[in-house]
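Hydrogens, waters and symmetry mates are skipped; everything else that's a heavy atom, side chains included, is used.
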Amino acid sequence: MEISQLLKGVLDLAVLAVLRGEDGYGYDVLRRLRVAGLQEVGDASVYGTLRRLYKAGLLTSYVVPSEEGPHRKYYSLNEPGRRRLEESGQTWRTFATTMNSLLGEAA
């Protein structure tokens with residue numbers, strides 16, 4: 001099974017989870033996902049996901065000026081985003097438990 005196919009289904013959840021504890025700008029979110037173990041995630045996928053989640057009302061954004069380059073657009077999780085994270089997280093845990101059971105592994 002290709003990781004890229006799995007990522008398509010869970011990238012929203014992963015991005016929301018990364019932003020749960022700390023706001024971040026595009027490259028920062030990408031870096032944190034990769035550090036967490038999702039090395040296969042693509043730059044364009046993360047930037048597109050951030051824009052889509054923002055347009056869906058699940059994130060807020062603000063710009064931080066930079067003296068060393070372009071300004072950075074930071075994203076933060078708002079209350080609807082936190083609710084979506086909780087709901088999607090529960091769906092993921094249920095799905096993972098089912099898959100572990102099907103594969104004969106303890107949850």
Side-chain angles (χ1 to χ4, degrees):
M1 177 175 294
E2 291 193 32
I3 295 293
S4 62
Q5 292 299 313
L6 291 172
L7 278 173
K8 287 180 184 179
V10 297
L11 191 54
D12 286 11
L13 176 59
V15 167
L16 292 172
V18 162
L19 292 172
R20 174 182 43 214
E22 183 180 356
D23 299 353
Y25 56 94
Y27 182 76
D28 178 53
V29 171
L30 175 66
R31 181 191 58 77
R32 286 158 52 188
L33 288 168
R34 288 181 175 166
V35 166
L38 298 177
Q39 289 87 6
E40 297 84 1
V41 70
D43 300 22
S45 296
V46 171
Y47 287 102
T49 298
L50 286 167
R51 283 190 300 273
R52 193 168 30 73
L53 292 172
Y54 175 77
K55 286 182 181 178
L58 302 175
L59 301 176
T60 56
S61 71
Y62 56 94
V63 175
V64 175
S66 173
E67 295 179 11
E68 300 176 2
H71 300 331
R72 291 182 173 156
K73 184 174 187 176
Y74 278 76
Y75 292 92
S76 60
L77 203 55
N78 58 22
E79 193 52 41
R82 289 184 191 287
R83 283 194 304 272
R84 174 71 60 86
L85 174 60
E86 181 60 34
E87 293 162 2
S88 296
Q90 185 56 48
T91 300
W92 173 257
R93 286 186 287 276
T94 300
F95 179 77
T97 299
T98 300
M99 289 305 300
N100 286 336
S101 177
L102 286 170
L103 294 170
E105 299 175 10

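- Atom OG in S45 sits 11.5 Å away from atom CG in L38 (nearest 0.5 Å).
- Between S88 and D12 the shortest side-chain heavy-atom distance does not fall below 4.5 Å.
- Closest heavy-atom contact between W92 and V10: CZ3-CG1, 3.4 Å.
- Criterion: ILVMFWY side-chain heavy atoms under 4.5 Å apart, direct or through other members. Under it, L11 and V35 are not part of a common hydrophobic cluster.
- Between L77 and L58, the closest side-chain pair of non-hydrogen atoms is not below 4.5 Å.
- The salt bridge (charged side-chain N to carboxylate O under 4.0 Å, His left out) check on R84 picks up nothing, with sequence neighbours excluded.
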Side-chain donor-acceptor distances from residues 15-32 under 3.5 Å, at least two apart:
{"residue": "D23", "atom": "OD2", "partner": "Y62", "partner atom": "OH", "Å": "2.7"}
{"residue": "Y25", "atom": "OH", "partner": "R72", "partner atom": "NH1", "Å": "3.4"}
{"residue": "D28", "atom": "OD1", "partner": "R31", "partner atom": "NH2", "Å": "2.7"}
{"residue": "D28", "atom": "OD2", "partner": "R32", "partner atom": "NH1", "Å": "2.6"}
{"residue": "R32", "atom": "NH1", "partner": "D23", "partner atom": "O", "Å": "3.3"}
{"residue": "R32", "atom": "NH2", "partner": "V18", "partner atom": "O", "Å": "2.4"}
{"residue": "R32", "atom": "NH2", "partner": "E22", "partner atom": "O", "Å": "2.9"}

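- Under the 4.5 Å side-chain contact rule for hydrophobic residues, L53 and V63 do not share a cluster.
- By the side chain to side chain contact (heavy atoms under 4.5 Å, CB included) test, E86 is found to be paired with R93, residues two or more places apart in sequence or in another chain being considered.
- By the salt bridge (charged side-chain N to carboxylate O under 4.0 Å, His left out) test, R34 pairs with D43, sequence neighbours left out.
- For K73, the side chain to side chain contact (heavy atoms under 4.5 Å, CB included) criterion is met by S61, Y75, not counting sequence neighbours.
- Side-chain contact between T94 and Q90 is present, with heavy atoms from C-beta onward closer than 4.5 Å.
- For R83, the salt bridge (charged side-chain N to carboxylate O under 4.0 Å, His left out) criterion is met by no residue, not counting sequence neighbours.
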